[in-house]
*Asks:* 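Could you have a look at this structure, given as structure tokens, before my questions?
Note: hydrogens, waters and symmetry copies are ignored here, and every other heavy atom, side chains too, is used. Note that ligands are numbered from 1 as they come in the structure, with each ligand's atoms numbered from 1 the same way. On a predicted model such as this, the values are computed, not experimentally measured, just so you know.
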Amino acid sequence: MKFPIYMDYHATTPVDSRVVEAMLPYFSDVFGNPASRHHQFGWKAEEAVENARGALARAIGAESREVFFTSGATESNNLAIKGVAESYGKKGDHLVTCATEHHAVLDVCRRLEKQGFRVTELHVDQYGLVDPEDIRKAITEKTILVSLMTANNEVGTIHPIETVGRICRERGVLFHSDAAQAVGKIPVDVQAMSIDLLSFSSHKIYGPKGVGALYVRRKSPRVRLTAQMDGGGHENGLRSGTLNVPGIVGFGKALELCVEVMTEETARLAHLRDRLKQSLMEKLEDVFLNGHPERRLPHNLHMSFSGIEAEALMMDMKEVAVSSGAACTTASPEPSHVLRALGLSEERLHSSIRFGLGRFTSSEEVEYVAGRVAECVERLRALSAGSTPRKAGRRAVPAQVGERE
Ligand SMILES: *Cc1c(COP(=O)(O)O)cnc(C)c1O
């Protein structure tokens with residue numbers, strides 16, 4: 001076993017060596033600009049880009065010309081939502097989204113709100129699921145877009161995308177889905193799911209960072225998008241800027257590999273994930289599952305450990321890379337908006353850990369992590385029991401344990 005152990009595959013993934021190999025020729029050998037129309041260097045680069053575009057399109061049930069390259073899912077979300085708002089602003093001023101979306105959706109909606117659009121942010125149930133009927137009710141004559149992620153990046157909950165897509169189609173409202181956590185992991189089909197715009201990203205599927213894509217439906221309905229980047233008119237005018245050829249080649253290869261092994265990999269990871277959960281539940285009292293018991297990503301486990309601070313737990317087992325549901329951008333970590341939206345108790349909010357398994361996770365690692373988490377949780381619980389007896393909760397852990405170095 002190699003240390004540290006990586007169990008944070010929702011944050012990013014290592015680039016698969018086969019992907020690196022596929023990318024290498026496109027740095028110095030086939031280095032042309034795909035926009036160079038008058039020589040072989042350009043043609044060869046263009047061919048590589050179009051091959052990758054084809055692979056991406058096939059993976060989601062789209063046509064090549066409906067796939068546009070961006071710098072990642074953040075940019076794709078921006079382009080989709082702002083692009084629709086700008087193009088359809090005359091038709092309506094209302095958007096529908098959900099409280100558990102990624103910031104790359106929520107903050108875009110908030111900016112549009114400042115510019116005069118109205119946004120309905122739907123609530124979710126205790127498992128992080130949106131009720132499709134709430135979406136139906138939220139749609140008005142003025143609604144131009146519904147944006148709902150396929151699967152949640154924190155608690156792993158998978159939304160009823162097909163049903164939501166059908167509702168949007170019936171009501172004539174465009175449907176965007178942030179599928180950064182879903183594409184390459186679970187089946188995503190823009191036809192079956194009636195998706196009009198789909199964001200996805202390379203670095204979540206064992207491809208390089210800094211590349212993503214946006215699917216934009218061309219017919220029934222044909223989506224009109226206003227470009228958010230002005231310049232040379234690349235990507236059919238939708239996204240100017242010289243294409244990241246090695247990155248795009250890697251993205252295509254990475255998604256091909258994911259699709260190839262999806263069925264077996266889903267089963268393998270779900271099995272490992274369930275073992276991790278079982279093991280933790282056997283070893284420890286007072287642990288709780290967050291997110292949906294069944295409708296969740298196969299590689300996602302999100303649990304609360306009563307009486308401990310997630311931050312303290314992570315400090316205690318530095319050789320294991322996991323994530324808490326806290327935004328660690330500030331000195332005092334605040335529980336994420338996603339966990340808040342599930343309506344968890346204050347104590348549970350602060351004692352939650354996300355385990356993200358992936359392609360290189362082994363059963364030995366799962367065993368080790370289960371043992372280490374149990375050991376650290378016991379230790380921290382004993383520590384807080386030994387300190388001033390207080391109700392188990394946020395302040396139960398002595399301050400110095402949770403403090404950063
Ligand atoms: C990672 C992620 C993003 C951001 O993707 P980038 O490619 O890093 O910009 C957006 N949405 C979700 C759900 C994600 O998991």
*Asks:* Find out whether the Lys NZ or Arg CZ of Arg224 is both under 6.0 angstrom from the six-membered ring centre of Tyr88 and within 45° of the ring's axis.
*Replies:*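 Judged by the rule, Arg224 and Tyr88 form a cation-pi pair.
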*Asks:* Does the Lys NZ or Arg CZ of Arg359 fall within the cation-pi geometry relative to Tyr206 - under 6.0 Å from the ring centre and within 45° of the axis?
*Replies:*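 Judged by the rule (NZ or CZ under 6.0 Å from the ring centre, within 45° of its axis), Arg359 counts as positioned above Tyr206.
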*Asks:* Who are the residue neighbours of ligand 1 when the rule is a heavy atom under 4.0 Å from any of its atoms?
*Replies:*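 Near ligand 1, by chain and number: Gly72, Ala73, Thr74, His102, Met149, Asn153, Asp178, Ala180, Gln181, Ser201, His203, Lys204.
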*Asks:* Going by the rule side chain to side chain contact (heavy atoms under 4.5 Å, CB included), which residues pair with Ala45 if we only count those two or more places apart in sequence or in a different chain?
*Replies:*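 Here the qualifying residues are Pro34, Val245.
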*Asks:* Report the residue from Glu265, Met7, Arg273, Lys185 that forms a side chain to side chain contact (heavy atoms under 4.5 Å, CB included) with His299.
*Replies:*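 Result: among Glu265, Met7, Arg273, Lys185, Lys185 is the only option passing the side chain to side chain contact (heavy atoms under 4.5 Å, CB included) with His299.
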*Asks:* Would you kindly say whether His10 and Asn300 are connected by a side-chain donor-acceptor distance under 3.5 Å?
*Replies:*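 Looking only at side-chain atoms, Asn300 and His10 do form a donor-acceptor pair, the distance falling under 3.5 Å.
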*Asks:* When you measure from the side chain of Glu347 to the backbone of Ser306, do you find a donor-acceptor pair of N or O atoms at a distance under 3.5 Å?
*Replies:*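 No, because the side chain of Glu347 does not come within donor-acceptor range (under 3.5 Å) of the backbone of Ser306.
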